[in-house]
Amino acid sequence: MRLHHHGLPSGSGLLLIHGLSSSHRVWRHNLAALGERHRLLIVELFARGGGARFRLSDQAERLAESLEDEPEPVAVMGHSLGGLVAMELAARRPDLVERLVLVDVPALPPADPLPARLRGLARPATVSDARSVGVVARTILEANPLQLLAATAASVRSNLASAATAIPVSTLVVWGSDDAIVPVEIARRLVQLIPDARLELVKGAGHQPQWEAPDAFHAAVLPFLAES
């Protein structure tokens with residue numbers, strides 16, 4: 001794991017955690033908008049030279065260690081697998097998390113059987129921008145393949161219902177309305193489980209609304225991040 005820094009040095013902290021078979025580069029369409037008021041801490045889960053293991057609890061613990069040096073709690077935004085890590089962090093160490101944004105997170109088992117879930121992971125991540133395939137390809141080439149396999153298993157097996165009910169911070173659940181990988185029904189169930197949560201749908205977007213529809217994505221998340 002590695003942290004990259006961007007944005008306004010004097011701004012409030014915002015931690016960004018990318019998803020499976022992705023990297024810190026997936027936020028490239030969002031850096032200007034998010035960095036205008038925030039000091040961005042951009043996580044790279046699958047850094048070159050990483051080990052073969054991947055456990056959500058381990059990733060959350062490592063991030064907690066990094067955030068303990070922050071002067072105040074930070075906002076945390078996690079996409080897909082990164083959202084699972086964000087949920088673990090918020091449930092275990094809410095003292096470090098000011099608020100939470102969860103983007104298309106496979107936190108609960110869907111109605112589809114496991115083979116269908118595996119087929120879903122193989123689908124294109126977006127519905128509108130094939131350039132994101134380059135982000136995926138670069139991640140696969142740079143990362144430890146065993147770690148990617150372990151992360152895939154963690155994502156497929158995930159059921160964070162208990163963690164969801166233990167999240168005490170204000171939470172925004174953001175979802176692409178046309179997500180073919182993690183269906184919107186997961187988002188609606190998540191909002192029911194997290195004590196202080198609400199849902200924003202990005203119409204026409206798939207699994208990566210922050211990449212596919214950045215303007216609509218920013219319209220959903222920026223007001224939430226600015227709330228006192």
Side-chain angles (χ1 to χ4, degrees), residues 1-4 6 14-31 33-35 38 40-46 54 56 59-60 63 74-90 97 99-108 120-121 123-129 131-136 138-139 143 148 151-152 154-156 158 160 163-164 167 171-184 186-187 190-191 194 197 199-202 205-222 224-225:
M1 179 187 292
R2 185 177 300 137
L3 282 179
H4 301 265
H6 191 84
L14 172 57
L15 183 75
L16 304 177
I17 314 175
H18 66 80
L20 179 67
S21 296
S22 187
S23 76
H24 62 288
R25 303 177 187 93
V26 79
W27 304 105
R28 67 176 62 167
H29 298 326
N30 316 113
L31 296 181
L34 297 178
H38 299 279
L40 303 181
L41 308 170
I42 309 171
V43 178
E44 186 176 0
L45 290 174
F46 307 115
F54 188 97
L56 298 176
Q59 300 298 322
L63 285 176
V74 303
V76 178
M77 182 182 299
H79 169 249
S80 195
L81 174 71
L84 300 178
V85 177
M87 289 178 65
E88 288 276 2
L89 175 64
V97 180
R99 62 185 57 241
L100 183 64
V101 180
L102 301 176
V103 186
D104 296 70
V105 181
L108 303 170
L121 289 173
R123 296 171 185 166
T126 73
V127 297
S128 61
D129 192 342
R131 290 175 297 174
S132 66
V133 173
V135 174
V136 174
R138 188 167 179 178
T139 299
L148 286 178
T152 301
S155 180
V156 170
S158 61
L160 297 190
I167 294 173
T171 301
L172 180 68
V173 178
V174 183
W175 226 265
S177 65
D178 296 346
D179 190 343
I181 295 176
V182 187
V184 175
I186 301 294
L190 262 184
V191 170
I194 300 172
L199 173 63
E200 290 280 352
L201 292 180
V202 180
H207 188 59
Q208 293 191 153
Q210 78 277 24
W211 179 286
E212 301 167 49
D215 290 341
F217 179 79
H218 299 148
V221 303
L222 290 177
F224 174 75
L225 294 172

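With rounding to the nearest 0.5 angstrom, the CG atom of D178 is 13.5 Å from the NE2 atom of H207. Expressed to the nearest 0.5 Å, how far NE2 of H38 lies from CG of L14 amounts to 5.5 Å. Taken to the nearest 0.5 Å, the CH2 atom of W211 stands 13.0 Å off from the NE2 atom of H18. Going from atom CG of L160 over to atom CD of E88 covers 5.5 Å, rounded to the nearest 0.5 Å.
Between I42 and H6 the shortest heavy-atom distance is CD1-CB, 4.0 Å. Between L3 and L15, the closest heavy-atom pair is CD2-CD1, 4.0 Å. In plain terms, the two heavy atoms of L56 and A154 that are nearest each other are CG-CB, 4.4 Å. Of all the heavy atoms in F46 and G19, the pair that sits closest is CE1-O, 4.0 Å. Of all heavy-atom pairs spanning L45 and Q59, the tightest one is CD2-OE1, 3.6 Å. Contact detail for L108 and L190: the closest heavy-atom pair is CD1-N, 4.0 Å.
Of the possible polar contacts, none joining the H79 side chain to the P209 backbone as a donor-acceptor pair under 3.5 Å is found. Between the S158 side chain and the P106 main chain, a donor and an acceptor come within less than 3.5 Å of each other. A donor-acceptor pair is defined here as one N or O able to donate and one able to accept, closer than 3.5 Å; no such pair exists between the side chain of D104 and the backbone of V182. Remark: the backbone N or O of Q210 is not paired with any side-chain donor or acceptor of H29 at under 3.5 angstrom. Side-chain N or O atoms of E44 include none that pairs as donor or acceptor with a backbone N or O of R2 at under 3.5 Å.
Using a 30° and 60° split on the angle between ring planes, F217 and W27 fall in the tilted class, from 30° to 60°.
Counting heavy atoms from C-beta on, the side chains of E212 and V202 never come closer than 4.5 Å. Annotation: side chain of W175 is not in contact with side chain of V191 (no heavy-atom distance under 4.5 Å). Within the 4.5 Å cutoff, side-chain heavy atoms of V221 are placed close to those of L34. Under the 4.5 Å side-chain criterion, counting only non-hydrogen atoms from C-beta, I194 is in contact with L102.
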Start with the C-alpha gap between L100 and L89, add the side-chain angles, then the distance that decides, and say whether side chain to side chain contact (heavy atoms under 4.5 Å, CB included) holds.
CA-CA 10 Å; L100 183 64; L89 175 64; over 6 Å; no
Starting from the C-alpha separation in whole Å, work towards a yes-or-no answer on side chain to side chain contact (heavy atoms under 4.5 Å, CB included) for L63 and I17. CA-CA 10 Å; L63 285 176; I17 314 175; 3.7 Å; yes
| So H24 and L16, side chain to side chain contact (heavy atoms under 4.5 Å, CB included) or not? Walk me through it. | CA-CA 8 Å; H24 62 288; L16 304 177; over 6 Å; no
